Amino acid sequence: IYYRLMGARVGKDCCLFGLALEYDLLTLGDRVAVGWECDTTCHTVENMVIKLAPTVLEEGAAVCPHSMLMPGCVLGRGAMLLDNLQVLKGEAVPP
C-alpha cells in the first residue's frame, strides 16, 4: 500500500522488500517479487546532473536479494534477476 500511496503503479499480489526513491517512476506488474535490499532507484547522477527514467517490472518478474535495477530498465514478463546482479541503465531483460 505504501508504494501505491507514494505514486508507484503496483499490480496485485506483489511482494516488495526492496528500496525505492522515485515511486512515481516505478511500475510493477501483477505477481512481482522484489527481494531484500534490492535497489529499484529511478535516478542517476551524471556530470553533476540528475537524470530520471522509469523502471518497469512486468508481470511475474522477480528480483532476488541484493540486486539492482538501473533507471530506464525493463524486466520482462516472468524474468528473474538472480542474487547480486544488475540490469544496466536503459537495458531490457527479455521474458
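Only a predicted model underlies this, so the values are computations on that prediction, with no experimental measurement involved. Each residue takes its place number in the sequence, starting with 1.
- Among all heavy-atom pairs drawn from T40 and L19, the shortest one is OG1-O, 2.7 Å.
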Under the criterion side-chain contact (heavy atoms from CB on, under 4.5 Å), I'd like the reasoning laid out for V32 against V63: C-alpha separation, chi angles, the key distance, then a yes or no.
CA-CA 8 Å; V32 164; V63 184; over 6 Å; no

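- Rounding to the nearest 0.5 Å gives a distance of 8.5 Å between CZ of R4 and CG of L16.
- Sorted by first and then second residue, the side chain to side chain donor-acceptor pair (under 3.5 Å) pairs involving residues 69-79 (not counting sequence neighbours) form an empty list.
- Of all heavy-atom pairs spanning G76 and A61, the tightest one is O-CB, 3.8 Å.
- Checking side-chain atoms of D30 against main-chain N and O of K12 turns up a donor-acceptor pair under 3.5 Å.
- In this structure, A53 and G72 approach most closely via the heavy-atom pair CB-N, 3.5 Å.
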Side chains of residues 81-95: which donor-acceptor pairs under 3.5 Å do they make with residues two or more places apart or in other chains?
| residue | atom | partner | partner atom | Å |
| --- | --- | --- | --- | --- |
| K89 | NZ | E46 | OE1 | 3.3 |
| K89 | NZ | E46 | OE2 | 2.3 |

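- Put simply, CG on L28 and CZ on R9 are 9.5 Å apart, with the number rounded to the nearest 0.5 Å.
- Taking both residues in full, the closest heavy atoms of P65 and C38 are given as CA-SG, 4.0 Å, listed atom of the first, atom of the second, then distance.
- Between the side chain of N47 and the backbone N or O of V49, no donor-acceptor pair lies under 3.5 Å.
- Taking both residues in full, the closest heavy atoms of R31 and C14 are given as N-SG, 4.1 Å, listed atom of the first, atom of the second, then distance.
- Looking at heavy atoms from C-beta onward, D24 lies out of side-chain contact with M6 at the 4.5 angstrom threshold.
- Pairing each heavy atom of T55 with each of M70, the nearest pair is OG1-O, 3.7 Å.
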Intermediate values then yes/no, side-chain contact (heavy atoms from CB on, under 4.5 Å), K51 and V45:
CA-CA 6 Å; K51 296 190 177 186; V45 178; over 6 Å; no

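- Tracing side-chain contacts under 4.5 Å through hydrophobic residues (I, L, V, M, F, W, Y), one reaches V34 starting from Y3; they form part of the same cluster.
- Between L75 and E58 there is no side-chain heavy-atom pair separated by less than 4.5 Å.
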